[in-house]
Protein chains: 2
Amino acid sequence: MKLQQLRYLVEVARRGLHVSEAAEALYTSQPGVSKQIKLLEDELGVVIFERAGKRLASVTEPGREVIAIAERLLREAENIKRVGEEYAGGGNGSLVIATTHTQARYALPEVVKRFVDRHPSVRLSMHQGNPTQIAEWTQKGEADIAIATEALELYPQLVMLPCYQWVHCVIAPVGHPAVANGGLTLAELARWPLITYDPAFSGRSRINSAFERAQLTPNIVLSAIDADVIKTYVELGLGLGIIARMAYDPVRDSGLVAVDAEHLFGANTTRIGLRRGVRLRRYDYDFIELFAPHLPRRAVDMAMAGGGEEYQL
Amino acid sequence: MKLQQLRYLVEVARRGLHVSEAAEALYTSQPGVSKQIKLLEDELGVVIFERAGKRLASVTEPGREVIAIAERLLREAENIKRVGEEYAGGGNGSLVIATTHTQARYALPEVVKRFVDRHPSVRLSMHQGNPTQIAEWTQKGEADIAIATEALELYPQLVMLPCYQWVHCVIAPVGHPAVANGGLTLAELARWPLITYDPAFSGRSRINSAFERAQLTPNIVLSAIDADVIKTYVELGLGLGIIARMAYDPVRDSGLVAVDAEHLFGANTTRIGLRRGVRLRRYDYDFIELFAPHLPRRAVDMAMAGGGEEYQL
DNA sequence: CGTGATTACGTTTATCGTAATTATA
DNA sequence: TATAATTACGATAAACGTAATCACG
């Protein structure tokens, strides 16, 4: 049994049993992959792929088990390489954060500033995307840390760490009748054209379900990925905005008024997602603790070791 | 990075940094091991072993990490091989139980009988030893399942599963004055010569601590590994015996009387120990469930995945 | 027939073992 | 000086890529 044989095996399984596709992805030849897989099957004494003539048709029961174990094994091999990189790199590595606009714009700046202060030689990069992309980048290992409020729970290969809670607010142009008197209700909101986040983003799911529970149909005239866009259109008078509280700045947004909306939509939890089984570097732990001070290394390790039940905030 | 390089590395680390010893254990040459380790260090860009001239002196910090990960990785490689064996072997594998005399003689016969009924093609073998040996055999992978009442908790690499509880009894020749009237006490026991288990075995630790708590010094004239020996000497009149309740058979041991001793020494818990991270075969799960019906596959998997806190009986 | 997997074969690389060398206790 | 690790080197083997073959849609 060789490490490459396992790499070939896993890649073929991932690519829907296409040997040539896997070979191309691994920068090697079709026959090589084919032969090594056959050698592995012979050595183990087990058929991994059911063949229909010359084509791979399906994965056998023992094959599924072998592939599952091989994936864990290869992750450990990755981890060994990462140890090398961390210690050999002389402190300068790279950290890729996958996150949404909301986090990058309103929650992370302070954290990033402190992080680059402490780790000037680590190349930090932010991959911005929607929650699904974020989760997939992290699952594939293209990003080290995912930060999002939505969708991460759908990926069992990710370990979730609750970081902080936040609430929405309703924004309106100064003098707008809806916010003139206090006690804003969902029914009142539903009477106005609304501008808020794209369905996949930043607690939009809670907004939807709040209206649904109240059996109201909001009139969402525009949805956007970020609060800056939403604020712009609210200022233009297109409607009321619903954004994250932290995205409203009374000084900068002096043309707008904000009304707290926790009583309408409840609170959202922003989480960090980490690929299960991956070895974290010193600065990974450091970034996490800067972002969520209640998550020191020990807590992160416990969550990574745990069976997957979410650590309670 | 090759699997063998990792095998070499781990073996050298295990053998106290002696390359020649490791080479011998791996049935290969000294220079081969030396070279492969150096190649691995070069590839990772990390020094794993600190050299003092030509001798390996110590393990570096990154080295410790690499070795720890390599051990996990090699265990997964083992697991892949085990999948092959289980499926290729056509159902006939082998199961090695490491246990003490007490378990083998009094707790296991019924279980073993049912197991060989169900799995006639599995070669079952029992390795008998003291609890320390049992734990070490299991840790090294020489045994699949450890069963003992003592010492297993000292091995962090073993996952512990509480199986059943049992109590001691005091045995005496028929007509012995100590058991003539009821209400046996520790003070009474301490007045007679006693025969019981060897200090490493079968709840002897609880016997000792019970006397200690009562500030009594028992007069243990003879200690043995098994109840059969103890019973023999009690019948000869050498003293009172303290043995596991299940080892007394009123019919077979008609020359002896037994008095329950739970109120004196409390209850003991017999546990199964499994090597952490090892893949279990269908019949491993089956044996465990036959022995401890409250431990179906699901419960065992949960305990194996868990962080190590003992599953509560 | 075209796509995609296996078989055949020659080249290249790396692994293994023996022998020689070097450094420490 | 004896023990133990590294370096040198030659034989063996296995992995890789190209080319040819074979099965299926």
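Predicted model only: the values in this text are computed from it and were never measured. The chains referred to below are lettered A, B, ... by the order of the sequence lines, with proteins before strands, and numbering in each begins at 1.
Taking a 4.0 Å limit (strictly below) on heavy-atom distances, residues 25-39 of chain B reaches DNA chain D at B:Gln30, B:Pro31, B:Ser34, B:Lys38.
Look at CD on B:Glu43: it is 11 Å from P on C:dA14, rounded to the nearest Å. Between the CD atom of A:Glu11 and the P atom of C:dA5 there is a distance of 14 Å, given to the nearest Å. Rounded to whole angstrom, the span from the CG atom of B:Leu56 across to the P atom of D:dT3 amounts to 19 Å. The nearest whole Å value for the distance from the CE atom in A:Met1 to the P atom in D:dA15 is 13 Å. Rounded to an integer number of Å, the gap from A:His18 NE2 to D:dG25 P is 14 Å. The interatomic distance linking A:Gln4 (CD) with D:dA14 (C1') rounds to 11 Å, in whole Å. For the pair B:Asp42 CG and D:dT6 P, the interatomic distance rounds to 12 Å; values are reported in whole Å.
A:Thr138 has its side chain out of reach of A:Tyr155: every pair of non-hydrogen atoms, C-beta onward, lies at least 4.5 Å apart.
Side-chain atoms of B:Arg55 stay outside donor-acceptor range of the base of C:dT22, with no qualifying N/O pair under 3.5 Å. Residue side chain B:Arg51 does not reach the base of C:dT24 through any donor-acceptor N/O pair under 3.5 Å, judged by distance alone.
Using a 4.0 Å cut-off between charged nitrogen and carboxylate oxygen, B:Glu11 and B:Arg15 count as a salt-bridge pair. For B:Glu136 and B:Lys140, the salt-bridge test fails: no basic side-chain N is under 4.0 Å from an acidic carboxylate O. Comment: B:Glu71 engages B:Arg14 in a salt bridge, judged by a side-chain N to carboxylate O separation of less than 4.0 angstrom.
Counting only N and O atoms by type, the side chains of A:Glu50 and A:Thr60 include no donor and acceptor under 3.5 Å apart. B:Asn208 and B:Arg204 form a side-chain donor-acceptor contact under 3.5 Å, judged by distance and modelled atom types alone.
Look at B:Tyr8 and you'll find a side-chain N or O under 4.0 angstrom from OP1 or OP2 of C:dC16. Checking the phosphate oxygens (OP1, OP2) of D:dT3, no side-chain nitrogen or oxygen of B:Ser20 falls inside 4.0 Å.
Here A:Phe49 lies out of heavy-atom contact (under 4.0 Å) with every strand.
Applying the salt bridge (Lys or Arg N to Asp or Glu O under 4.0 Å) rule to pairs touching residues 115-128 of chain B yields B:Arg118-B:Asp286, sequence neighbours excluded.
For the pair A:Lys2 and A:Ala52, nearest-nucleotide mapping onto DNA chain D gives the more 5' position to A:Lys2.
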